[in-house]
Amino acid sequence: MSDHDTEPATYDVAATEQKWQQVWGELDIFRADDVAVASGQREKRYALTMFPYPSGDLHMGHAEVFALHDVIARYWRLRGFEVLDPMGWDSFGLPAENAAIRNNEHPATYTYANIETQASSMRRYGLAFDWSRRLHTSDPEYYRWTQWLFLKFRERGLAYRKKSPVNWCPHDQTVLANEQVVDGACERCGAVVTKRDLTQWYFKITDYAQRLLDDLDTVADAWPNRVVVAQRNWIGRSEGAHVDFVVEGREEPLRVYTTRPDTLYGATFMVVAADAALAGELVSDAQRAAYDTYRDEIRKASDIERLATDRPKSGVDLGVTATNPVTGEQMPVWASDYVLADYGTGAIMAVPAHDQRDLDFARTFGLPVRRVVDTGEENPEESGVATTGDGVYVASGPLDAITDKATGIRTMIERLQDEGTGQGTVNFRLRDWLLSRQRFWGCPIPVIHCPTCGEVDVPLDQLPVELPELRGADLKPKGVSPLAGAEDWVNVDCPSCGGPARRDSDTMDTFVDSSWYHLRFTSPGHTEGPFDVAKLRLWGPVDQYVGGLEHAVLHLLYARFFTKVLHDMDLLDFVEPFTALLGQGVVINNGKKMSKSLGNGVDLGDQLDTFGVDAVRLTLVFASPPEDNIDWADMSPAGSSKFLQRAWRLSGDVTSVAGSDPSTGDMAMRRVTHRTVHEAQELVESHRFNVMVARVMELVNATRKAIDSGCGPADPAVREAVEVVAVLLSLVAPYTAEEMWERLGHQPSVAQADWPVLDPALLIEDSVVAVVQVQGKVKARLDVAPDIAEVDLEVLAMADPDVVRAIDGREVRKVVVRAPKLVNVVV
RNA sequence: GCCGGAGUGGUGGAACGGCAGACACGCAGGUCUUAGGAACCUGUGCCUUCGGGCGUGGGGGUUCGAGUCCCCCCUCCGGCACCA
């Protein structure tokens with residue numbers, strides 16, 4: 001009986017998890033060392049995963065993103081980088097507040113209890129986080145600096161208040177940013193969003209629209225394409241012109257934005273957004289009553305109704321006319337809800353022949369249609385279909401000889417600029433970021449409203465403005481912030497004049513908190529500013545960000561905006577926060593999103609109890625490419641568990657001693673090992689983790705075979721192979737890998753092991769299979785030397801009996817040789 | 001409507017323009033077992049007259065060679081959408 005026959009065939013998963021959690025805690029090996037980076041001893045890598053919101057325990061989605069993230073962080077560590085791999089919580093937000101109302105508690109109770117639950121689950125899950133850098137956005141030490149940043153933004157004119165129609169969620173009783181309204185409904189609760197005229201705080205993200213667009217190019221290669229595209233669409237840059245129209249009896253011209261100034265000769269009327277102040281200013285006395293009626297009507301309509309594109313056009317004649325600057329014609333000015341108040345100038349020139357919406361409107365109200373571009377298609381006046389393509393300009397004065405849009409637009413803009421009636425300009429779809437929220441559990445806005453001084457900043461040395469103690473019923477949404485009711489808190493002396501004043505009672509959108517947390521992680525205890533500029537210089541920017549893509553135009557856009565502003569404030573020296581982004585898919589069950597109402601949720605804790613941490617992690621990593629969705633019903637965690645036991649068993653079979661020289665070992669086994677290491681490197685770096693796992697499985701299979709029916713368990717090549725299995729598995733299944741590493745006679749931890757050193761000589765096979773095709777179909781396989789000459793390979797191939805038979809005496813027209821892999825005979 | 005992706009066995013998925021289906025799951029058969037829901041081995045795209053033929057959503061094209069590149073179409077997923 002050899003020693004390994006008496007080993008147990010399996011290991012105790014639960015006991016192993018207990019054991020290593022303790023060892024890892026004592027070793028404290030995942031702490032990121034500023035000095036190692038500052039001294040140039042090791043190159044830095046910053047690996048970051050989107051920090052969670054603390055609602056309940058971790059779920060399957062967290063399990064996936066953390067497993068993927070950990071592969072990268074652990075790989076970097078093994079490759080000798082100094083890795084910053086921090087974790088924290090995005091701990092302000094509505095669910096805590098709603099839970100507090102339900103349970104008559106303080107939101108902090110719910111929040112911090114959940115944080116502890118999640119932190120303990122993360123430890124169990126075996127993640128290589130540097131816990132010394134933990135932060136919570138709801139801690140005063142953190143949100144003090146969120147407030148500081150707000151005031152700095154305000155100082156630069158990037159935070160301002162304005163009254164405007166805003167998105168209002170009647171369920172959550174708060175306003176929402178444009179980005180949080182999805183198909184006319186609240187992103188969070190699904191309630192239909194309505195409009196309210198409110199004075200709210202905004203960040204001037206539109207000032208950065210062009211840079212946010214341009215700099216996407218610098219990350220486009222390392223970000224998922226769909227995020228780059230989504231942001232481009234969201235920013236929505238368009239090129240066009242402003243054109244001024246003189247309105248009788250009004251000093252200021254009526255300015256419009258158009259992308260088709262070249263069709264100005266075809267403009268037959270004007271339309272102003274019905275809900276814009278401009279419409280009220282323009283309307284004639286005779287038409288005022290009709291306009292008021294119309295405006296009140298459309299204000300009642302929800303965004304959902306407005307969004308219906310096949311909705312019939314409606315509007316009202318404002319009873320005034322504007323002068324077309326090129327034709328001198330008087331055109332009627334209308335108001336309609338198909339023109340948006342907050343895009344462009346809130347007014348358009350209507351060219352019904354060449355814009356479908358204008359044509360629909362013209363046909364509804366019997367307004368004239370004048371074709372000025374002949375595209376060869378039927379005249380829109382008859383067909384009812386507007387033409388938008390290139391064509392010959394007609395009845396367009398100096399444009400008449402022109403045959404393409406680009407020249408037409410350029411020519412018209414030049415003329416308008418010469419005459420002072422218009423100019424070329426750029427417009428963006430992006431709107432300013434509405435950041436006030438009428439809720440309690442968020443970062444207070446550090447501004448005081450004084451009846452004499454107006455909006456006054458809370459002095460920097462008085463930050464943070466801490467939340468008052470409110471709980472239960474006091475938190476019930478009433479349409480104004482619960483903070484407004486905390487009289488002791490709200491009523492303060494004006495910092496400027498000392499008179500009675502009131503604090504701003506709104507809190508900030510939680511996306512403000514998460515727009516800079518990645519910077520704070522570089523110096524989480526810093527008390528002199530939001531982060532230590534020198535430390536950030538060491539670690540920033542994030543080298544690899546991992547997270548869900550539901551934030552494509554939310555967090556990922558806001559964080560980019562913050563980065564650019566802070567760059568302009570000389571607080572950091574990069575312009576993009578996340579150099580590379582990996583967007584993981586969603587874990588679903590039986591083809592459907594997991595949800596309480598469907599009752600198809602898979603509980604992560606249950607899965608971990610049943611299969612063990614490693615098996616669940618392995619299953620998630622092996623399931624598919626990281627960015628694809630995973631249907632848990634199609635997965636086999638039991639299979640993963642079986643594989644891990646199989647791999648673990650190898651470590652008990654090795655009979656050579658630790659430190660044996662592998663160079664005396666079996667060459668075939670060594671080649672497999674080294675090829676696996678080589679491929680694993682490339683696969684991890686290109687994020688094809690599922691294939692990396694497959695290669696490790698192949699190595700395990702090959703090693704099993706070598707032990708049972710090959711070079712045997714004593715061969716040092718077998719030890720080398722099993723050690724490589726342990727190191728590679730440590731990226732995905734750290735518990736099993738530690739057990740293996742220990743059984744192989746090494747000191748913990750495998751997380752501190754050296755990445756296997758590749759022997760390039762072992763990557764060269766001693767023979768390769770050359771495929772011989774006739775007419776592109778495989779007819780023979782030849783074992784040849786990897787460095788075989790093309791002529792030799794061709795001779796060998798043409799002599800092969802199967803090849804000769806396939807050619808069947810036909811004339812060989814051409815032979816393609818790609819030594820040493822392939823020959824294709826064309827007959 | 002505009003802009004992006006993606007369609008490969010029963011399933012998840014592999015495949016620098018060069019052997020389609022790696023690696024798994026599942027299934028079938030076997031070995032060893034008192035037993036097998038353990039371990040190990042074998043087989044597993046479809047058709048076949050056993051020579052071979054056909055196969056990567058459909059149709060064309062480029063190429064000695066196409067899942068991969070190009071064009072058209074279909075389906076599904078995502079983003080934008082009365083944005084002038």
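A, B, ... follow the sequence lines: proteins, then strands. Residue 1 opens every chain. Hydrogens, waters and symmetry mates play no part in the numbers below; they use all other heavy atoms, side chains included.
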With B for base contact, S for sugar-phosphate-only contact and - for none (protein heavy atoms under 4.0 Å), nucleotides 10-23 of chain B reads -SBSSS--BB--BB

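- A donor-acceptor contact shorter than 3.5 Å links the side chain of A/D631 to the backbone of A/G591.
- Remark: A/R429, A/R431 in residues 421-434 of chain A come within less than 4.0 Å of RNA chain B through at least one heavy atom.
- Taking the ring centroids of A/F361 and A/W334, they lie under the 6.0 Å cut-off.
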Give the B/S/- string for nucleotides 39-46 of chain B, one per nucleotide from 5' to 3', where a protein heavy atom under 4.0 Å of the base yields B, of only the sugar-phosphate yields S, and otherwise -. SS------

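- Applying the 90° cutoff around 0 to the glycosidic angle, B/G26 is assigned anti.
- Taking a cutoff of 4.0 Å between a charged side-chain nitrogen and a carboxylate oxygen, A/R255 and A/D244 qualify as a salt bridge.
- Heavy-atom distances to RNA chain B give each of A/Q231 and A/K777 a nearest nucleotide, and the one nearer the 5′ end belongs to A/K777.
- Checking the phosphate oxygens (OP1, OP2) of B/A84, a side-chain nitrogen or oxygen of A/Y343 falls inside 4.0 Å.
- A side chain to side chain contact (heavy atoms under 4.5 Å, CB included) with A/L620 is found for exactly one of A/N690, A/V732, A/V587, namely A/V587.
- Put simply, CG on A/D358 is 20 Å from P on B/G1, counting in whole angstrom units.
- Rounding to whole angstrom units, CG of residue A/L699 and P of B/A24 are separated by 12 Å.
- Heavy atoms of A/S336 sit nowhere under 4.0 angstrom from any nucleic acid atom.
- Relative to the ring axis of A/Y338, A/K313 places its NZ or CZ within 45° and under 6.0 Å from the centre.
- With respect to A/Y257, the side chain to side chain contact (heavy atoms under 4.5 Å, CB included) criterion is satisfied by exactly one of A/V243, A/T425, A/I348: A/T425.
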